[in-house]
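Heads up, the thing below is written out as structure tokens.
Since the model is a prediction, treat every value here as computed from it, not as a measurement.
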Amino acid sequence: MIEAKAAGARTQGKAHVGLAFDGDGDSRDDGDHLGNKVDGDQILYIIAREGLRQGQLRGGAVGTLMSNMGLELALKQLGIPFARAKVGDRYVLEKLQELGWRIGAENSGHVILLDKTTTGDGIVAGLQVLTAMVRNHMSLHDLCSGMKLLPQILVNVRFAGDHNPLESDAVRKVTEQVEAELAGRGRVLLRKSGTEPLIRVMVEGEDEQQVTALAHRIADAVKSAGFKTDS
């Protein structure tokens, strides 16, 4: 719902930007003037870069294990340190406090700016994005242009029982093969869902077709170990 409303910026009144929030206002997605969705990774990139330009960035930026590798590469080009926390805005906050940094976000849209507030606040984050647009006389689309999101494929595999599917030798072997094939130009993340009996298989890299095939190769290995892919 959030994504649909933000992306509607172009179709309703030809607005320059669309801002959309979830029910309690702590999560957000934006849409540029072309109707493209702008996610939490891109928002974090814009705010961190603007902080650097204004001399107000302290330390670096915190993302999560699910943050797109394109964000990490773009921040590295700017000389901005990047750290990953576990998935969940509370873990982002913990990592910020641990490192003494101020800016963190999840790709889902939770953005935490400790120099402005003490928790995730979509309105505060939105104001920072609008400020960057005005200061630089740039559209939201152009502000995002310095960061290229890499194709990221997520496949859910359902499991049953109390044992850990990630301990399967077959799954480990296939995962190692996939990582070798990516050759440092992508990454693999396998994790158990905290709310459902699922293994989340995430692969990202430069080529979407390759990434899709590799993600399903690992998912098939999990499935053949005695589990079934979630529909």
Side-chain angles (χ1 to χ4, degrees), residues 2-3 6-7 9 16-21 26-89 91-93 95-96 99 101-117 120-152 185-187 189 202 204-206 208:
I2 291 178
E3 178 180 346
H16 294 292
V17 62
L19 307 179
F21 308 90
D26 68 338
S27 180
R28 59 174 294 100
D29 274 320
D30 294 343
D32 65 19
H33 69 288
L34 301 175
N36 299 312
K37 176 189 173 184
V38 176
D39 69 7
D41 286 342
Q42 293 164 298
I43 293 170
L44 178 58
Y45 169 73
I46 291 170
I47 295 176
R49 182 178 60 182
E50 189 62 19
L52 180 65
R53 287 175 172 173
Q54 299 300 318
Q56 298 173 347
L57 182 66
R58 188 173 80 184
V62 172
T64 73
L65 295 174
M66 293 301 295
S67 295
N68 194 281
M69 191 174 180
L71 169 63
E72 184 174 1
L73 295 174
L75 291 177
K76 183 178 180 179
Q77 286 186 332
L78 295 173
I80 298 176
F82 178 71
R84 293 182 184 270
K86 292 190 292 185
V87 176
D89 55 344
Y91 296 114
V92 173
L93 178 59
K95 181 64 72 172
L96 286 171
L99 297 173
W101 296 355
R102 300 178 179 180
I103 300 173
E106 293 189 279
N107 60 352
S108 60
H110 290 99
V111 181
I112 300 176
L113 304 173
L114 291 183
D115 58 336
K116 303 289 190 302
T117 184
D121 191 312
I123 296 176
V124 170
L127 290 173
Q128 302 314 301
V129 171
L130 293 175
T131 298
M133 292 174 63
V134 172
R135 278 178 176 163
N136 295 281
H137 304 286
M138 295 174 66
S139 68
L140 180 57
H141 181 270
D142 289 340
L143 284 176
C144 293
S145 63
M147 172 185 164
K148 178 183 178 182
L149 290 172
L150 299 183
Q152 187 181 87
R185 297 187 299 275
R187 65 189 184 101
L189 175 65
M202 190 279 290
E204 65 180 358
E206 298 173 343
E208 184 172 4

Quick check against the 3.5 Å criterion: does N107 have a side-chain atom that pairs as donor or acceptor with the backbone of N68?
no
To the nearest 0.5 Å, atom CG of L96 lies from atom CZ of R58 at 10.0 Å
**Prompt:** Should K95 and T64 count as side-chain neighbours, where that means a heavy-atom distance under 4.5 Å?
**Reply:** no
In terms of heavy-atom contacts, L99 and A83 come closest through CD1-CB, 3.8 Å
Query raised in the report: Around atom CD of E208, are there more than 12 heavy atoms of other residues, nucleotides or ligands at under 6.0 Å?
Result: no
Query - Residue pair L140 / I46, side-chain heavy-atom distance below 4.5 Å - result: yes
Heavy-atom nearest pair, V92 first then A105, reads CG1-N, 3.8 Å
Between R135 and R53, does the side chain to side chain contact (heavy atoms under 4.5 Å, CB included) criterion hold? Intermediate values first, please. CA-CA 11 Å; R135 278 178 176 163; R53 287 175 172 173; over 6 Å; no
- Task: Determine whether K37 and Q42 make a side-chain contact, defined as any pair of heavy atoms from C-beta on separated by less than 4.5 Å.
- Result: no
Interatomic distance, CZ@R185 vs CD@E206, rounded to 0.5 Å, equals 6.0 Å
Quick one, E50 and N136 - any side-chain contact, counting heavy atoms below 4.5 Å? yes
dist I43:CD1 -> Q128:CD (nearest 0.5 Å) comes out at 11.5 Å
Distance col, row W101:CH2 vs F82:CZ, nearest 0.5 angstrom, shows 9.0 Å
Report task. Would you check if the side chain of E106 reaches a backbone N or O of G88 as a donor-acceptor pair within less than 3.5 Å? Result -> yes
Atom pairs and distances, donor-acceptor, side-chain atoms in residues 69-81, under 3.5 Å, two or more places apart:
| unit_1 | atom_1 | unit_2 | atom_2 | d |
| --- | --- | --- | --- | --- |
| E72 | OE1 | R84 | NH2 | 3.0 |

Here the pair of heavy atoms bringing T117 nearest to D121 is CG2-CB, 4.2 Å
Hey, are the side chains of V111 and L44 touching, using non-hydrogen atoms and a 4.5 Å cut-off?
no
M202 side chain near Q152 side chain, heavy-atom distance below 4.5 Å:
yes
Would you say the side chain of D41 lies within less than 4.5 Å of the side chain of M147, judging by non-hydrogen atoms? yes
Heavy-atom closest pair (A85 atom, V62 atom, distance to 0.1 Å) is CB-CG1, 4.1 Å
Taking the side chain as every heavy atom from C-beta outward, state whether Q56 and D115 have any atom pair closer than 4.5 Å. no
Exercise for the section: Mind running side chain to side chain contact (heavy atoms under 4.5 Å, CB included) on L143 and V38 for me, showing each step along the way? Expected result: CA-CA 10 Å; L143 284 176; V38 176; over 6 Å; no
